[in-house]
Amino acid sequence: MNLDLKVLEAKLNLQIKNPSLFYEALTHKSYLYLYPQHPYKDNERLEFLGDSVIQTVTSSFIYKNFHHFEEGEMSLIRANLVNRERL
């Protein structure tokens with residue numbers, strides 16, 4: 001593992017178990033345009049997965065806590081909470 005990553009782990013008091021996934025999570029698509037030889041993919045697939053998780057957790061919360069709302073109302077609440085502006 002790279003020395004810089006070890007220093008980061010020490011400063012954050014955590015252990016990065018999968019350095020490749022960590023680097024992928026931090027790699028923006030625009031970086032790959034500037035550095036096409038970068039060994040990691042961009043984070044867009046992980047962003048897709050993360051967006052789905054956030055939507056699922058938010059949907060579950062709304063469903064459990066707003067018993068009197070119908071499906072359409074719950075969808076509107078979720079859409080207002082899980083959107084680009086808020087996230």
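Because the structure is a prediction, the values reported are computed rather than measured.
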Trainee: Please say yes or no: joined through hydrophobic side-chain contacts below 4.5 Å, possibly via intermediate residues, are Tyr23 and Leu32 part of one cluster?
Mentor: no
Trainee: Hey, what do you get for CE (Met74) to NE2 (His68), rounding to the nearest 0.5 Å?
Mentor: 10.5 Å
Trainee: Does Leu21 sit in a hydrophobic cluster with other residues, and if so which ones, taking ILVMFWY side chains as linked at heavy-atom separations under 4.5 Å, directly or through other members?
Mentor: Leu46
Trainee: Got Tyr63 and Thr58 here, is their nearest side-chain heavy-atom distance under 4.5 Å?
Mentor: no
Trainee: Do any N or O atoms from the side chain of Asn13 and from the backbone of Ala10 form a donor-acceptor pair under 3.5 angstrom?
Mentor: no
Trainee: Would you kindly confirm whether Val57 and Ile62 end up in one hydrophobic cluster when ILVMFWY residues are joined by side chain heavy atoms under 4.5 Å apart?
Mentor: no
Trainee: Grouping I, L, V, M, F, W and Y whenever their side-chain heavy atoms are under 4.5 Å apart, do Tyr31 and Tyr40 come out in a common cluster?
Mentor: no
Trainee: Taking CD in Gln37 as the centre, count heavy atoms belonging to other residues, nucleotides or ligands within less than 6.0 Å. Is the count above 12?
Mentor: yes
Trainee: Do Thr27 and His38 come within less than 4.5 Å of each other through their side chains, counting heavy atoms only?
Mentor: yes
Trainee: Would you give the length of the straight line joining atom NZ of Lys6 to atom CD of Gln15, rounded to the nearest 0.5 angstrom?
Mentor: 7.0 Å
Trainee: What is the distance from atom NZ of Lys41 to atom OG of Ser20, rounded to the nearest 0.5 Å?
Mentor: 10.0 Å
Trainee: Please go through Leu76's hydrophobic cluster and name the other residues, only I, L, V, M, F, W, Y counting, with side-chain heavy atoms under 4.5 Å joining them.
Mentor: none
Trainee: If I take atom CG from residue Asn43 and atom CG from residue Leu49, how far apart are they, to the nearest 0.5 angstrom?
Mentor: 12.0 Å
Trainee: Nearest 0.5 angstrom please: Leu34 CG to His28 NE2, how far?
Mentor: 11.0 Å
Trainee: Report whether Leu26 and Leu14 are members of the same hydrophobic cluster (ILVMFWY, side-chain heavy atoms less than 4.5 Å apart, transitive linking).
Mentor: yes
Trainee: Could you tell me the separation between the CZ atom of Arg78 and the CG atom of Asn83, rounded to the nearest 0.5 Å?
Mentor: 12.0 Å
Trainee: When you check the side-chain N and O atoms of Ser75 and Glu71, is any donor under 3.5 Å from an acceptor?
Mentor: yes
Trainee: Does a side-chain heavy-atom distance below 4.5 Å link His67 with Phe69?
Mentor: no
Trainee: Taking Ile16's backbone N and O only, do any of them form a donor-acceptor pair with Glu9's side chain (distance below 3.5 Å, no angle check)?
Mentor: yes
